[in-house]
Amino acid sequence: MCGITGWVSFDRDLRTAADTLDAMTETMSCRGPDDRGTWIEGPAGLGHRRLAVIDLPGGRQPMTARTPRGTVALVYSGETYNFTELRRELTGRGHPFTTESDTEVVLRGYLEWGEAVAERLGGMYAFAVWDGRHDKLVMIRDRMGIKPFYYYETPDGVLFGSEPKAILANPLARARVGADGLREMFTVVKTPGHAVWDGMHEVEPGTVVTVDRAGLRRHVYWQLETRPHPDGREGSIAKVRSLLEDIVRRQLVSDVPRCTLLSGGLDSSAMTALAARQLAEAGMSVRSFAVDFVGQSENFVADALRATPDTPYVHDVAKAAGTEHRDIVLDSHALADPEIRAAMIRARDLPTGFGDMDASLYLLFRAIREHSTVALSGESADEVFGGYLQFFDEEARAADTFPWLVRFAEHFGDDGDVLRPDLAAALDLPAYVKDSYATAVAGVQRLDGESDFEYRMRKICHLHLTRFVRVLLDRKDRASMAVGLEVRVPFCDHRLVEYVYNTPWSLKSFDGREKSLLREATADVLPRSVYDRVKSPYPSTQDPKYAIALQEHVKDLLAEPAHPVFDLVDRERVARAAGRDVPQITQASRHGLERTLDLALWLELYTPEIALS
């Protein structure tokens, strides 16, 4: 796992710009604390920061291959879980190998198959190849968009990086955010390819982007496709279990300490239990980590989203699976610490609005990194198997909008209420969401003979797998890589995603509950308490001290009336929220305080140009 960056300038020799490439590379130091490397040849420069996970001495980058027609150079971030099989095939085709790393397999795979290598890789990856034989740059991103990848076109080429900060370190890139960028920031629609920053784009999941002197071209090598489902209930359960066994086994491969993220929910518990069984076969045990808050278990109050605290279920799983478990217990002072807030904004390059859930994720990963370098996560199982409340909410099912937005403001607060009224009117967020939704569902294919209800549920599943999951995957990647921790996501294996996506909703929820297939496929490894537990989202602190700390920080901000944040947020609304008695602080007002602080820090850290015209 690593951070990659680069620059192609067809009109110049980049050896004269080595300092700039170095600066771009160093922005990725958190993603790759173990090693660094740069490579420049003519119009191309590549930079790499490495987090060593497989073949610690042999996986240095940029990695190059000399050919009679020119050099082929690679910078690669991620893991290819089927690299052993590919290496065997490439060896049979005459390719020599000098390392044990999956990086060299990807490089040799490109030499053998060209851009079509993408179709053979299984895993999470973002990589760029400079092909000196044809003077072209090839950028490839994994199918689900697990690893981030951005690019920025210039008059004579392109800049790219794992994160926007790498691109923004080049003077050619302008730190500017326009109206659509603000609309992306204040809606949860995750438009494919949109990067918020003007002129910047994401390499979309499942896509190859090629840049040469003729310009830039995109090729989609994978997308969700509608297919008939061949299996009944028992066959589907068996297939899911078989896939999960193989996926977990592959993703446990590591030359460094690994662990699991355990929440006590169905997803992470099933994954942890399967990992524990497989490691036990080799005489090893799995480490597990969970997040908790001071006093949360003792003083927990059920709400519409979270009926139970996580910790009792976490401990049930840890005991049943025999894990080496540790709870990471956080207090409100740490969650509200402006330095932690700033760390997450630097990690994500944007003010994201997840509040204490961002802070706790960062603190959890920072604590885990003291013990492990690789962690397996249950992320995306809700999107794959249908675990969220909106999958069962009749209003959300019927709404002509993204289903997660139907009750989003009720549970998390409304960004439209945070903005100044004149800005909110100019951005017209409801219209942006409406247009985005129409675009998102337009391409969902209907199966011949599929009922109206099944087609409706197919569209809802498609939206979660192509929009919502990318929000959460980006959040988890940025928070983990900010502390040099690699997080793997078994439920994002494209084989599992394809299979379950095409399973009819009647099978996905055959017992009337969420994630029926996953529950039954792993029932034999789950404690009964977890098997029966209702879905509970990632935890949020209920400690009133956190809200008090937010109010104090916002009051300090209000003492600076000229702060640029008040060009964006409604100062009077924020002032009212900062002056409320704690029992009167609603989720919406707390969200407003968090959003204001995030925006203020972002403006200070990045000094972006905000342009509405």
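One is the number of the first residue; the rest follow in order along the sequence.
- At a threshold of 4.5 Å between non-hydrogen side-chain atoms, the residues L244 and V240 count as touching.
- Between V489 and E379 the shortest heavy-atom distance is CG1-CB, 3.8 Å.
- Judged by distance alone, the side chains of R143 and Y125 do bring a donor and an acceptor atom under 3.5 Å apart.
- For the residue pair K147 and M124, the shortest heavy atom distance occurs at CG-C, 3.7 Å.
- Within the 4.5 Å cutoff, the side chain of L107 has no heavy atoms near those of the Y76 side chain.
- If you look at H464 and F402, their ring centroids are not closer than 6.0 Å.
- The local environment of CZ in R213 is crowded, with over 12 non-hydrogen atoms from other residues, nucleotides or ligands closer than 6.0 Å.
- Smallest separation of non-hydrogen atoms from A381 and L518: CB-CD2, 4.3 Å.
- Side-chain contact, S9 with D156: a donor N or O sits under 3.5 Å from an acceptor N or O.
- Between the side chain of E454 and the backbone N or O of S506 there is at least one donor-acceptor pair closer than 3.5 Å.
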Step by step, would you call E202 with R141 a side chain to side chain contact (heavy atoms under 4.5 Å, CB included)? CA-CA 9 Å; E202 283 189 315; R141 191 176 182 195; 3.9 Å; yes
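- Summarising the geometry of V75 relative to G47, their closest heavy-atom pair is CG1-O, 3.7 Å, with the distance given to 0.1 Å.
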Could you go through the salt bridge (Lys or Arg N to Asp or Glu O under 4.0 Å) check for E41 and R66 one step at a time? CA-CA 12 Å; E41 189 171 281; R66 303 287 180 182; 3.2 Å; yes
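- Within the cation-pi definition used here (under 6.0 Å to the ring centroid, within 45° of the axis), R475 qualifies as a partner of Y538.
- Side-chain contact annotation: T64 with T71, donor-acceptor N/O pair under 3.5 Å absent.
- Between R120 and E89 there is a salt bridge, with a side-chain nitrogen of the basic residue lying less than 4.0 Å from a carboxylate oxygen of the acidic one.
- By the 6.0 Å and 45° rule, R87 stacks over the aromatic ring of F97.
- Taking CD of E281 as the start and CZ of R249 as the end, the distance is 6.5 Å to the nearest 0.5 Å.
- Within the 6.0 Å centre-distance limit, the rings of F468 and Y388 are counted as a close aromatic pair.
- Shown here are the side-chain contact (heavy atoms from CB on, under 4.5 Å) partners of D524, two or more places apart in sequence or in another chain: R241, R277.
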From CA spacing to verdict: side chain to side chain contact (heavy atoms under 4.5 Å, CB included), D477, V487: CA-CA 7 Å; D477 174 89; V487 173; over 6 Å; no
Between T323 and T260, is a side chain to side chain contact (heavy atoms under 4.5 Å, CB included) present by the stated rule, with each step listed? CA-CA 9 Å; T323 74; T260 67; 5.7 Å; no
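- Q445 places a side-chain N or O within donor-acceptor distance of the main-chain N or O of T226, the cut-off being under 3.5 Å.
- Between S269 and L262 there is a side-chain heavy-atom pair separated by less than 4.5 Å.
- Within 6.0 Å of NZ in K476 there are more than 12 heavy atoms belonging to other residues, nucleotides or ligands.
- Contact of the H48 side chain with the T25 side chain is not registered, since no non-hydrogen atoms from C-beta on lie closer than 4.5 Å.
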Test side chain to side chain contact (heavy atoms under 4.5 Å, CB included) on D22 and R36; report intermediate values, then the result. CA-CA 10 Å; D22 285 342; R36 72 173 303 280; 3.2 Å; yes
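- Counting only heavy atoms from C-beta outward, the side chains of F160 and V203 never approach each other to under 4.5 Å.
- When atom types are taken as modelled, the side chain of N502 and the backbone of R227 share a donor-acceptor pair closer than 3.5 angstrom.
- The minimum heavy-atom distance linking W130 with P43 is given by the pair CZ2-CG, 3.9 Å.
- A salt bridge links D349 with K165: at least one charged nitrogen is closer than 4.0 Å to a carboxylate oxygen.
- Between D493 and R250 there is no salt bridge, since none of the side-chain N atoms of the basic residue sits less than 4.0 Å from a carboxylate O of the acidic one.
- Taking each heavy atom of A118 and I140 in turn, the nearest pair found is CB-CG2, 3.7 Å.
- With salt bridges taken as basic N to acidic carboxylate O contacts below 4.0 Å, none links R287 and E370.
- The OH atom of Y499 lies 15.5 Å from the NE2 atom of H494; values are rounded to the nearest 0.5 Å.
- With salt bridges taken as basic N to acidic carboxylate O contacts below 4.0 Å, one links R31 and E163.
- Listed for the S29 side chain is a donor-acceptor partner under 3.5 Å among the backbone atoms of E26.
- The closest side-chain heavy-atom distance from R108 to L86 is not below 4.5 Å.
- In this model, no donor atom of one side chain and acceptor atom of the other lie less than 3.5 Å apart for S254 and R488.
- Side-chain contact between V211 and F10: present, with at least one pair of heavy atoms (C-beta onward) separated by less than 4.5 Å.
- Of the N and O atoms on the side chains of H219 and E115, not one donor lies less than 3.5 Å from an acceptor on the other residue.
- Listed for the R369 side chain is a donor-acceptor partner under 3.5 Å among the backbone atoms of G484.
- Under a cutoff of 6.0 Å and an axis angle of 45°, R458 and Y501 form a cation-pi pair.
- Taking the side chain as every heavy atom from C-beta outward, R174 and Y152 approach each other to under 4.5 Å.
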